[in-house]
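Read the structure below first, then the notes.
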Amino acid sequence: MNKYNPQEIEAKWQKYWEENNSFCAEDSFVKPKFYPLIEFPYPSGAGLHVGHPRPYTGMDIVARKKRMEGFNVLYPIGFDAFGLPTENYAIKTGRPPAEVTAENIANFTRQIKSLGISFDWSRVVDTTDPKYYKWTQWIFLQLFKHGLAYKKNMPINWCTSCKIGLANEEVVDGKCERCGGEVEKRDKYQWMLAITKYADKLLSGLEDVDYIERAKVQQQNWIGKSEGASVFFNIKDCEEKIEVFTTRPDTLFGATYMVLSPEHNLVEKLKDKINNFADVEDYINKAKLKSDLERTELQKEKTGVELQGVKAINPVNNEEIPVFVADYVLATYGTGAIMAVPAHDERDFEFANKYNVAIKKVVLPPAIHSSYRNADDIAAGAPSSIRVEADCFPGEGTSVNSDFLNGLETKEAKEKMITWLEEKNIGKKQINFKLRDWVFSRQRYWGEPIPLVYCEKCASENKGGNEQNPGWFAIAESELPLELPQVEKYEPTDTGESPLSQIPEWVKTTCPNCGGEAKRETDTMPNWAGSSWYFLRYIDPNNDKEFASQEKLKYWMSVDWYNGGMEHTVLHLLYSRFWNEFLYDIGLVPTSEPYKKRTSHGMILAKGGEKMSKSKGNVVNPDDVVVEFGADTLRTYIMFMGPFDQAVEWDTNGLVGVKRFLDRVWNLQEKINNGERGMGNEERVEKLIHQVIKKVSDDIDNMRFNTAVAKLMELSNEVSKAPFISQKDYLEIVKLLSPFAPHMAEELWAMYGNSQSISQEKWPEYDEAKIKEDTITIVVQVNGKVRDSIDVPVEISEEDIKVQVLALENVKKWLEGKEPKKVIYVKGRLVSVVV
RNA sequence: GCCCGAAUGGCGGAACUGGUAGACGCGCACGACUCAAAAUCGUGUUCCUUCGGGAGUGAGAGUUCGAUUCUCUCUUCGGGCACCA
């Protein structure tokens, strides 16, 4: 018998799989399909890191098992290659980003292939390939044509030292990531995508999909739907009104003051009425100067200034109430103004105390539960939900001091107030979202060019574009892809514009509408663009007529199982769902939701629990592990380390145990006895194998890879102790191991006369009857303590077992002659004797 | 501050719908093989113990014949959101 030599075996089988297209999905449309997906990597110059193989291997195991179960599996891979690190590297070295990207992709490909992941390499997509981004641009144009893309004046992050615009990701703790310089906001016209129009759909769509709970909650929070009312407050002796949004219209009688955000345009309009305008202006200017960081850091202490001479009128009781400007009110949410109810909102409470504004209670907390009447009880153990601790009560209860709402529960009070407001025409039911529209422009080179042109003549004639942006036109579809031009320098310009603006011959074009002179948009798309639809392109990656054929989309969509990092559950997941839902609405994809199921893997940390990073020098390169131990050991170890969805610490010592396990399985060949059976162990081994089939199958379906490996280890240990194993049983074990250690499994499978790849074999099935034991061990407890255990036949009756148990010496001893008060029998588990 | 998640031997981690806590692996100890070492194989490995037992899953209570599992309070750690009215 040869020694297990992973390096030799792995190269051999990787070559075999490639030559035989073993893992290419078929566009047969006959077999049931299964479409698993992992997040495609960004091909960085640093190469693969041991974190990458975790999701790839996990889904690979699922994919391989599904193939063996008869599914037509599409398990694709690609590269999300536009991005800042490559662009920055290009700036530093002067090399074209495309060239650097090609090199990095080649390196990533080599590394991933060395892991034996069953990706369909015939469908690789690269977001920077013009053949790919042609369709990214095309989809953007559909969004534009349907009025979902518009240009708006928005603040960007401006590094005062590098004199360039930064993406949000480049701003770390309010400073420039590269130079550490100050970052300020500068206004710039940017393309926006109206994702807010899909807020409701993005929210309700979550009901029908199987995402891990955390991902759903995060998306819900991000979308941030809140239901309430908008209410108009009149201003005394003035035509102007203040519109506010509130989720608690039932507390309107308790509104004792109002607040405008510093950016609110009403301040300027009321200038003449404000007696202390100089103070107000001063406050507003100071607020503007505060960076985002300062605003959040200084949140502990609320500040504001009263607009003296201005009084608002509470519409429910006509009381005159003061109006403040304060930066704890955000300009970007709701109407940028609030009605303040200090008795029932903690922020308003704090502010009212500081500025001496009246506090009026209009909601009583619900009755305290009778079992917790006593104050000491409450302090000791009442659930926090029924405790009342402060003078400010933000919860729900019963309305008081509120005229026609008195005595109503919060829910009813809200409804009644909304009806009243609507009847009087001073307010209405209103739903607000936290979700903002998506800033889609980047002043960068290494991204997809935005395929729009601006014609000044048409703009002046109010042609094209949309209401906000006349003069903008989509380029003709025949001109797609609009390729990135070659440039000399990749640096952003002094004005914060994209480097593309420095190429006059590229910028200058003709207007698709009037044929006159026009200018191209010089901003590029953000990183998120290419990854917002890549799962659709995998289905038909070489199609040059459509982004994917309808027939193929109908067969393959939606993605059955998408696994990715928690860091992408908000933006990437939301953006790609948005694009898919849009494409569904215009009839181009068959399902509204792109992903049926979403799971998440935990990070692999360096020893000591730190993140692996280049600067700390603690990155483990999978190449080294493959060379030393082999890919099968690496794969199996990564799966064995710990629960798939939790962070785990890398430990090179752990690899040793897994290598020993694989060696042992390999060496089990010595135990194969072809001729002889009947050595007395077959039945036991068979039973064990059936138990393992069940366990491993269930565990893979639930991503409990660590316990699946443990069970396989247990099986191999058990078999090692047996005198012989039949070839049939041995190969059954090899099949079960094949998704984890595919190279070794192929080698062993071939060694015993099989000419076809093990990946074509049927996944083992278990027989429930063979799993069952004939005798079971019943645990005996006396007064809750384990005192003995007995082996009894499975079908023993309750009476019989009770008699047997009470006759046990160990039980008699603990009974001390007393009669048992109660004897409980839990079928197949235990007998509990209570004295 | 709010919302999630977690806490189990020396370490990573198991334990189905409440039913023998510590599977599996690392490490460690002893033994076999060896001149020796490595590798491999075998045995043991939660703690205390007067060897009868006793204690034990972050802490404290509760429900139960029985709680790592359910309820409540608290502590610590990790993640997300962060003045969203």
Side-chain angles (χ1 to χ4, degrees), chain A residues 213-215 217-218 220-222 224-226 228 244-248 251 255 259 261 295-296 298-300 302 326-330 332-335 337-341 344-348 350-351 372 379-385 387 394 432-436 566-567 569-570 602-603 609 637 640-643 645-658 660-661 663-664 667 695 698 704 706-717 720-721 777-789 813 820-824 826-835:
Chain A
E213 202 49 34
R214 279 187 297 161
V217 170
Q218 280 190 31
Q220 282 160 1
N221 290 345
W222 191 262
K225 180 177 183 170
S226 42
V244 299
F245 171 73
T246 175
T247 54
R248 292 295 298 271
T251 62
V259 186
S261 66
R295 272 210 184 186
T296 47
L298 296 172
Q299 70 176 262
K300 284 162 206 151
K302 290 187 177 29
D327 68 1
Y328 81 90
V329 170
L330 303 175
T332 49
Y333 184 76
T335 60
I338 62 157
M339 64 176 215
V341 186
H344 304 289
D345 181 286
E346 283 171 19
R347 296 152 301 180
D348 297 344
E350 185 195 327
F351 189 87
Y372 291 109
S384 52
S385 58
R387 287 196 210 163
N432 259 0
F433 293 94
K434 275 196 230 177
L435 185 68
R436 297 276 81 96
M566 276 313 288
E567 69 274 23
T569 45
V570 175
M603 263 201 294
Y637 172 61
F640 181 63
M641 287 172 91
D645 58 352
Q646 279 172 37
V648 279
E649 277 179 41
W650 181 262
D651 179 9
T652 306
N653 291 331
L655 282 160
V656 175
V658 172
R660 281 181 193 148
F661 159 61
D663 275 332
R664 204 174 304 134
N667 294 334
K695 176 75 176 158
D698 290 352
R704 287 197 298 255
N706 54 332
T707 51
V709 175
K711 197 71 188 172
L712 287 165
M713 286 174 167
E714 208 181 316
L715 175 65
S716 82
N717 291 343
S720 294
K721 286 177 201 157
T777 305
I778 297 290
V779 172
V780 180
Q781 293 186 346
V782 180
N783 283 341
K785 288 213 157 50
V786 178
R787 296 303 180 187
D788 208 344
S789 65
K813 192 170 101 193
K821 205 191 273 176
K822 210 171 160 206
V823 180
I824 299 158
V826 183
K827 199 169 181 303
R829 293 277 184 188
L830 56 59
V831 174
S832 183
V833 182
V834 188
V835 185

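To find a chain, count down the sequence lines: A is the first, B the second, and so on, and within it residues start at 1.
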Both distances under 3.5 Å, Watson-Crick or G-U wobble: report the partner of [N], or none.
N     : value
B:U43 : B:A29
B:C24 : B:G12
B:A7  : B:U75
B:G1  : B:C81
B:A38 : none

What's the closest nucleotide to the side chain of [X] if the choices are [options]?
X        : options             : answer
A:Arg664 : B:G80, B:C41, B:C83 : B:C41
A:Thr707 : B:C26, B:G54, B:A14 : B:A14
A:Lys785 : B:C65, B:G54, B:C24 : B:G54
A:Asn706 : B:C3, B:C26, B:A14  : B:A14
A:Arg829 : B:G19, B:A23, B:G13 : B:G19
A:Leu830 : B:G25, B:G54, B:G19 : B:G19
A:Glu714 : B:C65, B:G13, B:C24 : B:C24
A:Phe640 : B:A21, B:A15, B:G25 : B:G25
A:Ser832 : B:C41, B:A85, B:G19 : B:G19
A:Met713 : B:G27, B:A15, B:C24 : B:C24

**OP:** Please say whether the positively charged group of A:Lys225, taken as NZ for Lys or CZ for Arg, lies over the ring of A:Phe433, i.e. under 6.0 angstrom from the six-membered ring centre and within 45 degrees of the axis.
**Re:**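 Pair A:Lys225/A:Phe433 does not count as cation-pi.
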Could you check how far [atom1] of [X] sits from [atom2] of [N], rounded to whole Å?
X        : N     : atom1 : atom2 : value
A:Glu567 : B:C4  : CD    : P     : 22 Å
A:Asp327 : B:A85 : CG    : C1'   : 15 Å
A:Gln646 : B:G13 : CD    : C1'   : 9 Å
A:Asp345 : B:G1  : CG    : C1'   : 13 Å
A:Asn783 : B:U64 : CG    : P     : 15 Å
A:Met339 : B:C83 : CE    : C1'   : 17 Å
A:Glu649 : B:G78 : CD    : C1'   : 12 Å
A:Gln220 : B:G80 : CD    : C1'   : 14 Å

Check every strand shown and say whether [X] touches a base, only sugar-phosphate, or nothing at a heavy-atom separation below 4.0 Å.
X        : result
A:Ser226 : sugar-phosphate
A:Lys822 : sugar-phosphate
A:Arg436 : nothing
A:Asn667 : nothing

Original post:
Since syn is defined as within 90° of 0, does B:G9 count as syn or as anti?
Top reply: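 Here B:G9 takes the syn form, which means its glycosidic angle is within 90° of 0.
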Original post:
Should B:G52 be called syn or anti, with syn set as within 90° of 0?
Top reply: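 Syn for B:G52; the angle stays within 90° of 0.
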Could you tell me how far [M] sits from [N] if I compare only their [atom1] atoms? Round to whole Å.
N     : M     : atom1 : answer
B:U34 : B:G25 : C1'   : 28 Å
B:G78 : B:G12 : P     : 15 Å
B:A14 : B:G58 : P     : 14 Å
B:G44 : B:G10 : C1'   : 16 Å
B:G79 : B:G56 : P     : 33 Å
B:U20 : B:U57 : P     : 16 Å
B:C26 : B:C51 : P     : 36 Å
B:G31 : B:A36 : P     : 13 Å

**OP:** List the steps and the verdict of side-chain contact (heavy atoms from CB on, under 4.5 Å) for A:Gln218 and A:Met566.
**Re:** CA-CA 10 Å; A:Gln218 280 190 31; A:Met566 276 313 288; 3.4 Å; yes
Are any of [X]'s side-chain N or O atoms less than 4.0 Å away from OP1 or OP2 of [N]?
X        : N     : result
A:Arg787 : B:G54 : yes
A:Arg704 : B:A14 : no
A:Asn221 : B:A82 : no
A:Arg660 : B:G27 : yes
A:Tyr333 : B:A85 : yes

Original post:
What is the minimum heavy-atom distance between A:Thr247 and A:Ser226, and which atoms define it?
Top reply: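 Minimum heavy-atom separation between A:Thr247 and A:Ser226: CG2-CB, 3.8 Å.
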Subject >> Nearest heavy atoms of A:Val259 and A:Tyr328, plus distance in Å >> reply: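 Shortest heavy-atom separation between A:Val259 and A:Tyr328 comes out as CG2-OH, 3.7 Å.
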**OP:** Quick one: do A:Asp345 and A:Ile338 satisfy side-chain contact (heavy atoms from CB on, under 4.5 Å)? Show the steps, please.
**Re:** CA-CA 12 Å; A:Asp345 181 286; A:Ile338 62 157; over 6 Å; no
Original post:
Is a donor-acceptor pair below 3.5 Å formed from side chain A:Gln781 to base B:G19, judging by atom type as modelled?
Top reply: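 Indeed, a donor on one side and an acceptor on the other fall under 3.5 Å apart.
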Original post:
Is there a donor N/O on one and an acceptor N/O on the other, under 3.5 Å, for the side chain of A:Lys711 and the base of B:C24?
Top reply: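 Per atom types, no contact qualifies.
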Original post:
More 5' along RNA chain B: A:Gln218 or A:Asn653, using each one's nearest nucleotide?
Top reply: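 Its nucleotide being nearer the 5' end, the pick is A:Asn653.
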Original post:
Quick one: on RNA chain B, does A:Lys434 or A:Val833 contact a more 5' nucleotide (nearest heavy atom)?
Top reply: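 It is A:Val833 whose nearest nucleotide is closer to the 5' end.
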Original post:
Between A:Tyr637 and A:Asp651, do the side chains contain an N or O donor and an N or O acceptor separated by less than 3.5 Å?
Top reply: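 No, because no side-chain N or O of A:Tyr637 sits under 3.5 Å from a partner of the opposite role on A:Asp651.
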Verify, without hydrogens or angle tests, whether [X] (side chain) and [Y] (backbone) share a donor-acceptor contact under 3.5 angstrom.
X        : Y        : answer
A:Asp348 : A:Val341 : yes
A:Arg829 : A:Thr777 : no
A:Arg248 : A:Pro394 : yes

